[in-house]
Amino acid sequence: MTEPTSMPAVKQFILDHFLAGEDPARLTPTTPLITGGIVDSLGLLDLVMFLEQQFHVEFEAHEVDPAHFDTLAAIDAILQRKRAQ
Amino acid sequence: MEFAWTAEQTAFREAVIEFARRSLRDDVIGRDRDGAFARELWRRCGEFGIQGLPFPEEYGGGGRDALSAVQALEALGYACRDNGLLFAIAAQMWSVQMPIHRFGTDDQKRRFLSRLCTGEWIGAHGMSEPDSGSDAFSLRTRAERRGEDYVLNGTKTFVSEAPVADVFVVFATLDPRKGPLGITGFIVERDTPGFHVGRPIHKMGLRTSPMAELVLEDCRVPAANRLGREGRGAQVFNDSMEWERGCILANALGAMERQLEDSVSYARERRQFGVPISQFQAIQHRLVDMKVRLEAARLLLYRAVWAKQSDRDPGTAAAIAKLVVSEAWVQSGLNAVQIRGGYGYAVEYEAERDLRDAVGSTLFSGTSDMQRNLIARSLRL
């Protein structure tokens, strides 16, 4: 499967900040990050700030819904929507 | 790696010491007893440029880098015995002025930062609540957008300088379900309808820095006073806490140096069993421990400020510095009392006040245990 453009960078951020020492192969596009307990509420803030800085987008308060950031695939989808705006 | 200050920085340090000795001397024993804040001394510090040190000149600041500012605050701690006044100044600089500088609009900087830099106004920071201290982001103060205003409701506690402050940075949540991402920062002026300073909180130390609760009852804050983006108050708070943890104990370094010099002098002059007590190994070891703690604390604090200034893992460095400097200050104060025996316990000799003042440093800006938690997080435990 070909990963969409945002996925490698976001995956590396998740591995570095929340899954240090884990096997990278276990983090797939559908691994639940928030509902799976990998990223907590403070971690979500760090993740959103990383995405804004890395991809030059801004998320409004109402857009910062855990459902939009629960998997690498969901993150990629919302990034693509934001970039298309 | 360079460990020396420049000639200009050294000269400024000497100027700060001379200013403090000339302009900041007063009856601190009496004001500590009465819990009295020295607004006149605050004004003199503003006139000299202390509060504005690391902020842009266009907003009344001194335009210095953060390390130079910290060096000046350390010099103040050495030459001024009013730890409460210096705590008040540092708390305003790092938890009120810095977030306005880094996240505020140009209009907010003109309206608030300039008055805070010059000492015309006093600023305070309200985050803690009766049920959210170390767990800061579980705050309950609510903010609701109504037209061009936000309406705030809630109570803040342990707010340093609340009884005397003119303007407050406070945090409230627009949606508690969002946790940290629901929190938003606001700048609230003292005369805002619905804003009240609540009961005073009397303390063990730092008594010349008055503390109180804040009560927000349908407090209407103009949207123009929102600090940073909606839902990004946690980002504002975390950033200012990194500055605060790294920098707020600069004056403690100066205070520890003063304690050490005073204790060495006392030990040389005080005679027991026919000799100066400085000849007893037990006293020597206490003095050596004070010296070693001071040197280690100083290096860690400078490194934390450098890390924040250059954006190199600032959070961990600040937590390590806060933990070590605060614990070192308490031990230094205890040693200073022990070396003096009964005289150290007496109010008139001023060693006991330094010790009482130091205890607070292990609690404010995150307790020592919370600093350990932050450091543990950096270890990915």
Side-chain angles (χ1 to χ4, degrees), chain A residues 9-27 31-72 74-75 77-79 81-83 85, chain B residues 99 102-103 105 127 132 134-140 142-145 150 171-186 223 226-242 311-316 319 366 370 373-381:
Chain A
V10 180
K11 181 174 179 176
Q12 195 58 51
F13 178 83
I14 299 290
L15 288 169
D16 289 345
H17 288 77
F18 305 106
L19 291 171
E22 296 287 332
D23 178 4
R26 293 179 60 188
L27 179 58
T31 301
L33 301 172
I34 297 166
T35 55
I38 294 171
V39 178
D40 63 12
S41 56
L42 275 177
L44 178 57
L45 174 64
D46 292 340
L47 174 61
V48 168
M49 287 166 53
F50 163 76
L51 295 174
E52 289 187 334
Q53 191 171 14
Q54 182 79 15
F55 299 103
H56 309 291
V57 294
E58 274 199 10
F59 295 105
E60 298 296 324
H62 70 271
E63 293 176 310
V64 186
D65 185 317
H68 295 150
F69 301 90
D70 199 31
T71 64
L72 293 176
I75 293 168
I78 193 170
L79 279 174
R81 286 200 299 276
K82 292 296 292 184
R83 288 156 133 183
Q85 286 176 359
Chain B
R102 285 171 67 85
F103 296 94
T105 63
M127 181 66 170
S132 66
S134 294
D135 184 11
F137 296 136
S138 66
L139 61 82
R140 293 182 183 175
R142 294 295 299 265
E144 184 186 343
R145 180 78 188 237
Y150 289 90
F171 295 86
T173 180
L174 286 158
D175 184 353
R177 293 168 303 175
K178 289 194 169 178
L181 284 156
I183 294 168
T184 302
F186 299 93
R226 190 186 71 219
L227 182 57
R229 293 159 57 189
E230 260 194 9
R232 296 305 171 87
Q235 180 185 358
V236 175
F237 178 76
N238 282 344
D239 184 76
S240 63
M241 279 301 102
E242 285 179 359
D311 202 22
R312 300 176 197 223
D313 190 18
T316 306
M370 290 307 295
N373 287 354
L374 290 169
I375 299 163
R377 194 175 181 212
S378 75
L379 296 173
R380 312 269 192 267
L381 296 174

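The figures here come from the full heavy-atom set of this structure, side chains too, leaving out hydrogens, waters and symmetry mates. Chain A is the first sequence line, chain B the second, and so forth, proteins listed ahead of strands; every chain is numbered from 1.
For B:Arg140, the CZ atom counts as loosely surrounded, since its 6.0 Å shell holds 12 or fewer non-hydrogen atoms of other residues, nucleotides or ligands.
If you measure heavy-atom distances from A:Asp65 to chain B, you find no contacts under 4.5 Å at all.
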Can you list the steps and then say if B:Arg377 with A:Leu42 is a side-chain contact (heavy atoms from CB on, under 4.5 Å)? CA-CA 12 Å; B:Arg377 194 175 181 212; A:Leu42 275 177; 4.1 Å; yes

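Inspection of non-hydrogen atoms places B:Lys178, B:Pro180, B:Leu181 of residues 174-184 of chain B under 4.5 Å from chain A.
In terms of heavy-atom pairs under 4.5 angstrom with chain B, the leader among A:Val48, A:Leu19, A:Val64 is A:Val64.
In this view, A:Glu22 and A:Arg26 satisfy the salt bridge (Lys or Arg N to Asp or Glu O under 4.0 Å) rule, not counting sequence neighbours.
Remark: side-chain polar atoms of B:Arg229 are not paired, donor with acceptor, to backbone N or O of A:Ala61 under 3.5 angstrom.
Note: A:Leu45 CG to B:Phe137 CZ = 7.0 Å, rounded to the nearest 0.5 Å.
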